[in-house]
Amino acid sequence: MSLQQLSSQKVFGGQHVRYQHQSQALNCSMQFAVYLPPQVELGQPLPVLYWLSGLTCTDENFMQKAGALKMAAELGLIIVAPDTSPRGADVPDDAEGAWDFGLGAGFYINATQAPWSTHYKMYDYVVHELPALIEKHLPVSDKRSISGHSMGGHGALIAALREPERYQSVSAFAPITQPSQCPWGEKAFSNYLGTQRETWMEWDASALMAQATQHLPMLIDQGEADSFLVEQLKPAALEVAAEQAKYPLTLRLQPGYDHSYYFIASFIDEHLRFHAQALSA
């Protein structure tokens with residue numbers, strides 16, 4: 001696996017770099033972004049935070065809008081931001097061009113149904129293939145954490161709950177916590193996974209948490225003014241599952257905040273410090 005550098009900009013003493021590579025898991029060319037803090041010049045491997053973005057986003061949204069890079073530079077934290085779905089002329093999309101399914105909406109699961117299963121293996125990509133690529137080519141340690149927003153929050157939660165041994169901590173902003181029971185998730189899962197709902201549970205954070213026996217530090221922020229809160233996000237379902245599994249979940253409801261990157265930017269420094277503490281343990 002090789003990397004092609006697309007661009008590089010100096011920021012807060014480090015470098016924001018975008019790369020392109022051929023993905024075996026997704027059977028297409030993919031792009032991702034990396035923030036390399038100034039501490040990489042000291043020659044010691046640094047820990048990594050993987051950030052998974054939400055519906056309609058690409059690798060660029062978080063790096064440009066979240067305001068995370070100054071704190072990442074202070075903490076010596078590498079941030080990797082993959083794309084949200086496979087891309088390319090041969091990659092199928094929603095027939096009607098809907099924004100909540102297909103391109104930009106990979107949901108970080110492994111599709112089993114045609115025509116999606118040829119390309120839509122986002123779980124394998126973000127949990128296995130991309131980290132292997134990062135660890136081969138960039139100055140990273142074996143300490144990883146994961147975070148995300150909305151659909152990406154769902155992705156971060158299921159990655160940490162399915163394979164907790166791979167991560168030191170997990171956090172999310174306004175995650176889709178029970179996709180098997182909300183319109184966004186039902187649409188995606190029925191297409192990617194088929195109509196047998198029992199197969200959906202292995203990709204549902206609330207279902208996974210209820211059965212979790214290995215626990216990670218987990219921080220979730222949810223805006224109380226989020227227009228998707230009741231119908232799509234359902235954080236109460238995750239709280240119930242955490243109580244059932246005695247999972248040490250910190251879920252904070254933030255008055256007045258919505259679903260936007262203004263919300264993320266308001267609390268991202270706290271999330272980065274949370275991860276840095278776990279990564280240094």
For residues 30-44, the side chain to side chain donor-acceptor pair (under 3.5 Å) pairs (sequence neighbours left out) are Arg18-Gln31, Gln20-Gln31
query: Does one hydrophobic cluster hold both Val34 and Leu279, with members joined at side-chain heavy-atom distances below 4.5 Å?
result: no
Worksheet item: Are the side chain of Lys143 and the backbone N or O of Ser280 linked by a donor-acceptor pair below 3.5 Å?
Response: no
Does Trp99 reach the side chain of Asp94, with side-chain heavy atoms less than 4.5 Å apart? no
message: If you define the side chain from C-beta out and look only at heavy atoms, does anything of Phe189 sit under 4.5 Å from Arg197?
response: no
Q.
For the aromatic rings, using the six-membered ring if either is Trp, is the centroid distance between Phe32 and His21 under 6.0 Å?
A. yes
Q. Is the closest side-chain heavy-atom distance between Leu46 and Val140 below 4.5 Å?
A. no
query = Is it true that the side chains of Ser171 and His275 contain a donor and an acceptor less than 3.5 Å apart?
reply = yes
> Taking atom types as modelled, is there a side-chain donor on Gln168 or Ser145 under 3.5 Å from an acceptor on the other?
Replying inline: no
Residue set satisfying side-chain hydrogen bond (donor to acceptor under 3.5 Å, both in side chains) with Asp124, at least two apart, ordered chain then number -> Asn110
Hits for ring pair (Phe, Tyr, Trp, His ring centres under 6.0 Å) against Phe101, two or more places apart or cross-chain, chain-then-number order -> Trp116, Tyr192
task = Salt-bridge test for Glu165 and Arg144: reply yes if a basic N is under 4.0 Å from a carboxylate O, no otherwise.
result = no
Looking only at heavy atoms, the pair that brings Ala68 and Phe62 closest together is CB-CZ, 3.5 Å
By ring pair (Phe, Tyr, Trp, His ring centres under 6.0 Å), His149 pairs with (sequence neighbours left out) His259, Tyr261
So, do Thr84 and Phe107 sit near enough that their side-chain heavy atoms are less than 4.5 Å apart?
no
Quiz item: Is the backbone of Trp200 close enough, under 3.5 Å, to the side chain of Asp204 for a donor and an acceptor to pair up by distance?
Solution: no
Per side chain to side chain contact (heavy atoms under 4.5 Å, CB included), Leu69 is matched among Ile268, Val11, Leu272 by Val11
Looking only at the side chains, is there a donor atom on one of Ser23 and Glu129 sitting less than 3.5 Å from an acceptor on the other? yes
Looking at Glu96, I'd like to know if its CD atom is crowded, meaning that more than 12 non-hydrogen atoms belonging to other residues, nucleotides or ligands lie closer than 6.0 Å. no
With sequence neighbours left out, the residues meeting ring pair (Phe, Tyr, Trp, His ring centres under 6.0 Å) with Tyr50 are none
When the aromatic ring centroids of Phe228 and Trp184 are compared, is their separation below 6.0 Å? yes
| query | Do Glu224 and Tyr257 touch side chain to side chain, with heavy atoms closer than 4.5 Å? | reply | no
So, Asp226 side chain and Gly223 main chain: donor-acceptor pair closer than 3.5 Å or not?
-> no
Are side-chain heavy atoms of Met209 and Leu157 found at a separation under 4.5 Å?
no
**Prompt:** Do Ser180 and Glu186 have side chains that get closer than 4.5 Å, going by heavy atoms?
**Reply:** no
Salt-bridge present (Glu239, Lys234; N to O < 4.0 Å)
no
Residues passing the salt bridge (charged side-chain N to carboxylate O under 4.0 Å, His left out) test with Glu243, sequence neighbours excluded, are none
Using the ring centroid of each side chain, check whether Phe173 and Phe267 are separated by less than 6.0 Å. no
Next item on the list: Establish, for the pair Arg162 and Tyr123, whether the NZ or CZ atom is under 6.0 angstrom from the six-membered ring centre and no further than 45 degrees off its axis.
Entry: yes
